[in-house]
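Notes to accompany the following structure.
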Amino acid sequence: QVQLVESGGGLVQAGGSLRLSCAASGSGFSIATMGWFRQAPGNQRELVAVVASGGAPNYADSVKARFTVSRVYGTNLVFLQMSNLKPEGTAVYYCYATKIQHGRPSTNNWGQGTQVTVSS
């Protein structure tokens with residue numbers, strides 16, 4: 001069992017910035033990949049940015065050069081710094097993690113989501 005709790009969402013004007021935070025808690029596992037997905041109304045959930053342990057971040061093309069994902073491994077924290085936000089970025093943003101337990105990966109680990117609304 002892993003708990004992922006997001007914070008930092010809100011309402012921002014186009015061109016503005018927000019910083020999302022996610023904290024993972026639990027025991028009996030280690031976290032390999034951690035990052036962010038988002039889901040806009042009527043759309044499927046899509047990848048925003050993820051980073052694996054010891055790896056480089058991967059970003060959706062739509063957010064490259066504007067968003068930065070970072071991890072604090074010792075505390076199981078991941079952040080998403082979002083700059084130059086656009087109205088199409090309006091969505092619920094979900095923290096995501098891949099955990100390793102007893103040598104086996106689990107990829108279905110999600111936070112409850114935090115709403116980001118970008119006004120034009």
In sequence, state the C-alpha distance, the side-chain angles, and the governing distance for S53 and R71, and then conclude on side-chain contact (heavy atoms from CB on, under 4.5 Å).
CA-CA 9 Å; S53 297; R71 289 180 64 175; 3.6 Å; yes
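- The shortest heavy-atom contact between A24 and L4 is CB-CD2, 3.4 Å.
- Under the 4.5 Å side-chain heavy-atom criterion for Ile, Leu, Val, Met, Phe, Trp and Tyr, M34 and V2 are members of the same hydrophobic cluster.
- Scanning both residues, G113 and V92, for their nearest heavy atoms gives CA-CG1, 3.7 Å.
- If you take CG on N43 and OG1 on T90, they are separated by 11.5 Å, rounding to the nearest 0.5 Å.
- Taking the side chain to side chain contact (heavy atoms under 4.5 Å, CB included) definition, one finds that V5 meets it with nothing, sequence neighbours left out.
- Grouping the Ile, Leu, Val, Met, Phe, Trp and Tyr side chains by contacts below 4.5 angstrom, directly or via other members, places Y94 with L47.
- Taken from CD in Q1 to CD in Q101, the straight-line distance is 9.5 Å, to the nearest 0.5 Å.
- Identified under the ring-ring contact (aromatic ring centres under 6.0 Å, His included) test for residues 33-52, with sequence neighbours left out: F37-Y96, F37-W110.
- Hydrophobic cluster membership differs between V72 and L80, with clusters built from Ile, Leu, Val, Met, Phe, Trp and Tyr side chains linked at under 4.5 angstrom.
- Across all their heavy atoms, N84 and S17 have their closest contact at N-OG, 4.2 Å.
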In sequence, state the C-alpha distance, the side-chain angles, and the governing distance for V116 and L20, and then conclude on side-chain contact (heavy atoms from CB on, under 4.5 Å).
CA-CA 9 Å; V116 172; L20 306 183; 4.1 Å; yes
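- Atom-to-atom distance recorded for N76:CG and Q3:CD is 11.5 Å, nearest 0.5 angstrom.
- What you find for S120 and P87 is that their closest heavy atoms are CB-CG, 3.9 Å.
- Linking Ile, Leu, Val, Met, Phe, Trp and Tyr whenever their side-chain heavy atoms come within less than 4.5 Å puts L18 and V118 in one cluster.
- Contact detail for T114 and S7: the closest heavy-atom pair is OG1-C, 4.4 Å.
- Within a 6.0 Å radius of CD in Q112, other residues, nucleotides and ligands contribute 12 heavy atoms or fewer.
- Contact detail for V78 and C95: the closest heavy-atom pair is CG1-SG, 3.9 Å.
- Atom CD of Q13 is separated from atom CG of L85 by 11.5 Å, given to the nearest 0.5 angstrom.
- Counting only heavy atoms from C-beta outward, the side chains of E46 and R38 approach each other to under 4.5 Å.
- Within the 4.5 Å cutoff, no side-chain heavy atoms of V50 are placed close to those of V69.
- Note on V48: it clusters hydrophobically with V12, by side-chain heavy-atom contacts below 4.5 Å among ILVMFWY residues.
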